[in-house]
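Residues: numbered from 1 along the sequence shown. None of the values given here were measured: they were computed from a predicted structure.
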Amino acid sequence: MAYLPALQKKKAQQVVTSAFRGINRNAEASDGEFAKTLNLSTREYPLLCTRKQRGTIGTLMAPEGVAARQEALVWLDGENVFYNGSQVSGITLSTDAAMLPKRIVSFGAYVLIFPDKVYFNTIDPDDKGFIEGNFELGASATATYTMCRVDGSDYENVTTGDTPPSSPDHGDYWIDTSEETHKLMCYSATYGSWNQILTVYTRVEATGIGAIFPAGDAIEISGAEAPSGASQTAQDQVAALNGSHYVYTATDDSIVIIGLLDQSVTQTGGLKASRSVPDMEYIIESENRLWGCHYGTDENGQTLNEIYASKLGDFKNWRVYQGLSTDSYTVSIGSDGPWTGAIAYGGYPCFFKEKYLHKMYGSQPKNFQTMTTQLRGVKAGCGKSLAIVDGTLIYVSRTGVEAYDGSLPQCISHNFGEAAFEDCTAGTFGGRYYLSAKEDDTWHIYTYDTRTAIWLEEDGFEAVDFTDGINDLYALNADTGEIYAMLGTEGDMEETVFWSAETGLMTWETVDHKFVTRYNIRAQIEGGSQVKAQIRYNSKGPWYDKMDLTNKARTARTLLMPVYPHRCDHLHMRLCGRGEIKIYSIARILTSGGDGQGAR
């Protein structure tokens with residue numbers, strides 16, 4: 001009797017993936033990495049779980065911006081401004097395309113909105129208006145110019161002439177007109193001589209002028225002129241008041257500036273005064289100053305490439321140059337190209353171009369200095385991608401997402417391959433970097449967990465702004481106008497979260513005649529949630545449903561779910577569903593086979 005050889009039982013081998021590493025679009029993606037994800041989170045790492053349900057706290061008709069303060073949210077809806085849910089009266093924003101995008105900056109109790117250059121006080125509802133100031137004397141109104149002391153008081157016993165008074169008393173004043181430039185002299189009986197008062201002031205009296213320009217303002221005066229019947233000297237002295245001035249003292253109806261007048265002069269109509277703020281693409285607060293940058297041309301066609309700092313503690317004044325530590329500051333920059341972003345990082349104002357970082361050092365104008373570093377800067381259109389996460393500055397450059405710790409930036413987006421992100425906006429909360437980015441004309445919301453270095457995708461919408469509050473991260477949807485609480489701590493909760501995770505190529509590396517006979521997926525499924533497994537073979541054809549399970553119980557269940565693929569050269573697997581789920585592990589059961597795979 002002939003006996004056939006005994007068949008050897010095929011030995012199965014199990015490979016378990018129990019740590020999930022997020023998105024990796026590259027060919028070298030390892031176990032636990034995915035080509036695509038939707039609405040997943042690292043909050044239960046190393047498990048794979050769904051993100052938290054979001055809350056919607058409001059819907060805007062024309063969403064232009066949102067910002068969180070310590071106590072409430074500020075949002076911009078078309079021409080209207082809202083704070084803590086109520087409209088701020090008396091402020092109307094421009095809706096012209098040239099006045100977009102809007103930028104909201106907090107400065108102490110104040111909220112500032114650019115490029116409209118308006119402000120309001122969150123504590124005092126009556127304190128609001130334009131950051132810039134403008135005064136124009138009515139056609140029939142009058143302005144009077146009078147020489148005075150710095151406190152606005154008049155000089156007494158003043159004599160004007162080419163020669164001094166013959167019998168002066170101590171403290172008498174004499175305007176010396178013997179030379180082209182007149183001088184104010186004061187008599188000292190102690191020394192028997194006339195001594196020049198080097199700084200002389202002029203009081204400008206006009207209804208309401210001091211209410212617009214308080215003491216400490218830097219202003220520009222134009223249209224100051226003496227009446228036609230005045231002497232040539234008076235006309236010259238009043239005309240000399242046109243130009244830049246510092247307001248030393250002010251009442252509601254007067255201001256005191258530097259200037260010498262032989263006599264009081266009254267003007268009817270024509271006088272103008274202004275306090276200006278430079279046009280700036282990016283504005284930040286740092287060390288009790290506002291900082292900004294501008295690249296463009298002025299009214300004379302001259303190219304400007306500058307960084308500005310406001311007066312210390314005063315966001316209204318950008319042209320105060322008194323030689324004090326509180327002065328404003330302006331510096332011209334030599335690097336090429338427009339500004340692409342700005343942020344205060346490590347206590348220093350940082351201004352970016354696509355190839356440069358300009359960091360400002362110093363504590364006051366006399367020791368301010370700019371350090372320029374050539375590096376991968378912020379990509380144009382991605383100025384809002386700048387965010388500080390656990391002490392690291394993260395932003396989007398032309399080559400990817402960068403992490404900067406003060407030395408040189410390091411790319412942290414290698415897992416996206418050659419993806420090109422555009423028009424990015426970012427926010428941060430709880431050690432995660434949230435990025436709204438346009439990629440191939442499609443919007444995505446990506447998250448990067450700095451603790452695990454894992455990228456995941458939530459879903460896709462264009463965020464006008466992200467802003468972090470005390471308990472949540474808020475995002476403004478550009479299309480729907482909805483303001484989301486991204487972690488769901490408040491607002492109307494979304495009903496269902498749909499999620500998915502799609503692997504890259506699987507089983508292509510299983511050489512020496514092995515193939516996958518089964519996948520075992522261990523997961524915890526909340527009551528009412530669904531999970532489905534789909535497989536696509538050999539990078540073509542449809543997705544085949546291999547497992548579909550819904551937990552109809554009211555409580556969570558932990559299940560081991562088998563998925564049986566056909567034999568093939570390689571495959572992609574997609575896990576998807578709705579509701580909350582935690583995936584503990586995915587096990588591959590490998591079995592030896594022959595050379596002929598019979599690939600489907």
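- Ring planes of H358 and W339: perpendicular class, angle over 60° (limits at 30 and 60°).
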Can T233 and H182 be said to form a side-chain contact (heavy atoms from CB on, under 4.5 Å), step by step? CA-CA 10 Å; T233 297; H182 296 183; 3.6 Å; yes
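- Here C148 contributes atom SG and I257 contributes atom CD1; the two are 9.0 Å apart, rounded to the nearest 0.5 Å.
- At most 12 heavy atoms of other shown residues, nucleotides or ligands fall within 6.0 angstrom of atom CZ in R398.
- Relative to the ring axis of W318, K311 does not place its NZ or CZ within 45° and under 6.0 Å from the centre.
- A donor-acceptor pair under 3.5 Å is absent between the side-chain atoms of E79 and the main chain of T95, judged by distance alone.
- Between the side chain of K379 and the backbone N or O of F421, at least one donor-acceptor pair lies under 3.5 Å.
- The side-chain heavy atoms of E64 and I113, taken from C-beta on, include no pair separated by under 4.5 Å.
- Nearest heavy atoms, G223 versus N242: N-OD1, 3.1 Å.
- V464 and P63 get closest at one heavy-atom pair: CG2-O, 4.2 Å.
- No side-chain donor-acceptor contact under 3.5 Å links E281 and Y295.
- In this structure, the ring of F368 has its center less than 6.0 angstrom from the ring center of W291.
- With respect to K102 and D465, no salt bridge is recorded, no charged nitrogen being found less than 4.0 Å from a carboxylate O.
- Going from atom CE of M360 over to atom SG of C350 covers 10.5 Å, rounded to the nearest 0.5 Å.
- Proximity of a side-chain donor or acceptor of S310 to a complementary backbone N or O of L290 within less than 3.5 Å is detected.
- The side-chain heavy atoms of R289 and Y329, taken from C-beta on, include no pair separated by under 4.5 Å.
- Formation of a donor-acceptor pair under 3.5 Å by the Q322 side chain with backbone atoms of D327 is not found in this model.
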Test side-chain contact (heavy atoms from CB on, under 4.5 Å) on Y474 and L476 and set out the steps. CA-CA 7 Å; Y474 302 92; L476 177 57; over 6 Å; no
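- Rounding to the nearest 0.5 Å places CG of L393 at 5.5 Å from CG of L386.
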Before you tell me yes or no, could you show the steps for V200 and M147 under side-chain contact (heavy atoms from CB on, under 4.5 Å), namely the whole-Å CA-CA distance, both residues' side-chain angles and the distance that decides it to 0.1 Å? CA-CA 7 Å; V200 186; M147 186 180 68; 3.5 Å; yes
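- Between the side chain of E285 and the main chain of N288, a donor-acceptor pair closer than 3.5 Å is present.
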Determine, step by step, whether R203 and D154 satisfy the salt bridge (charged side-chain N to carboxylate O under 4.0 Å, His left out) criterion, reporting the C-alpha distance in whole Å, the side-chain angles of both residues, the deciding distance to 0.1 Å, and the verdict. CA-CA 9 Å; R203 184 177 66 248; D154 292 328; 2.8 Å; yes
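- The number of heavy-atom neighbours closer than 6.0 Å to CD of Q196, taken from other residues, nucleotides and ligands shown, is above 12.
- Y246 places no side-chain N or O within 3.5 Å of a backbone atom of I219 that could act as its donor or acceptor partner.
- Side-chain polar atoms of D390 and T392 form no donor-acceptor pair below 3.5 angstrom.
- A distance of 9.0 Å separates OH of Y110 from CD1 of I123, quoted to the nearest 0.5 Å.
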Would you sort out whether S413 and Y448 count as a side chain to side chain donor-acceptor pair (under 3.5 Å), showing the intermediate values? CA-CA 9 Å; S413 59; Y448 178 73; over 6 Å; no
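- By the 30° and 60° cut-offs, the orientation of the rings of Y395 relative to F352 is tilted.
- In this structure, the side chain of N367 does not engage the main chain of G362 through any donor-acceptor pair within 3.5 Å.
- Not counting sequence neighbours, N157 has no partner by the side-chain hydrogen bond (donor to acceptor under 3.5 Å, both in side chains) test.
- Between F135 and F213, the distance from one ring center to the other does not fall under 6.0 angstrom.
- A distance of 13.0 Å separates OG1 of T159 from OH of Y187, quoted to the nearest 0.5 Å.
- Panel note: side chain T177, backbone D162; a donor-acceptor pair is recorded below 3.5 Å.
- When side chains are defined from C-beta on, R319 counts as touching Y308, because their heavy atoms get closer than 4.5 Å.
- The heavy-atom pair separating I91 from V81 by the smallest distance is CG2-CG2, 3.9 Å.
- The closest side-chain heavy-atom distance from Y404 to L375 is below 4.5 Å.
- Side chains of Y83 and R69 form a contact here, defined as non-hydrogen atoms less than 4.5 Å apart.
- When atom types are taken as modelled, the side chain of Q267 and the backbone of A143 share no donor-acceptor pair closer than 3.5 angstrom.
- Residues R451 and R432 meet the side-chain proximity criterion, which asks for heavy atoms closer than 4.5 Å.
- Annotation for E354 and A380: closest pair OE2-N, 2.8 Å, computed over non-hydrogen atoms.
- Smallest separation of non-hydrogen atoms from A342 and F351: CB-CD2, 3.6 Å.
- Contact check for R275 versus E132: no side-chain heavy atoms found under the 4.5 Å cut-off.
- The 12-atom threshold is not exceeded at CZ of F130, counting heavy atoms of other residues, nucleotides or ligands nearer than 6.0 Å.
- Checking T144 against T266 by side-chain atom types alone, a donor-acceptor pair falls below 3.5 Å.
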Full working for side-chain contact (heavy atoms from CB on, under 4.5 Å) between K353 and N305: CA-CA 11 Å; K353 296 185 176 185; N305 187 15; 3.1 Å; yes
Check the pair Q237, D262 against side chain to side chain donor-acceptor pair (under 3.5 Å), reporting the backbone distance first and the verdict last. CA-CA 8 Å; Q237 289 177 337; D262 290 357; 3.0 Å; yes
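- Heavy-atom minimum distance, A139 versus T268: O-CG2, 3.4 Å.
- Between the side chain of Y433 and the main chain of S385, a donor-acceptor pair closer than 3.5 Å is present.
- With a 4.5 Å cut-off on side-chain heavy atoms, I258 and Y248 count as touching.
- Taking the six-membered ring for Trp and the full ring otherwise, Y119 and F107 have centroids separated by 6.0 Å or more.
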Could you check E402 against T399 for side chain to side chain donor-acceptor pair (under 3.5 Å), going step by step and ending with a plain yes or no? CA-CA 9 Å; E402 310 288 344; T399 57; 3.3 Å; yes
Any chance you could lay out the side chain to side chain donor-acceptor pair (under 3.5 Å) test for S89 and K128, step after step, and finish with the verdict? CA-CA 9 Å; S89 62; K128 57 192 172 186; 3.1 Å; yes
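- With a 6.0 Å radius and a threshold of 12 heavy atoms from other residues, nucleotides or ligands, Y155 has its OH atom above the threshold.
- The line from CE of M99 to CZ of F114 is 11.0 Å long, rounded to the nearest 0.5 Å.
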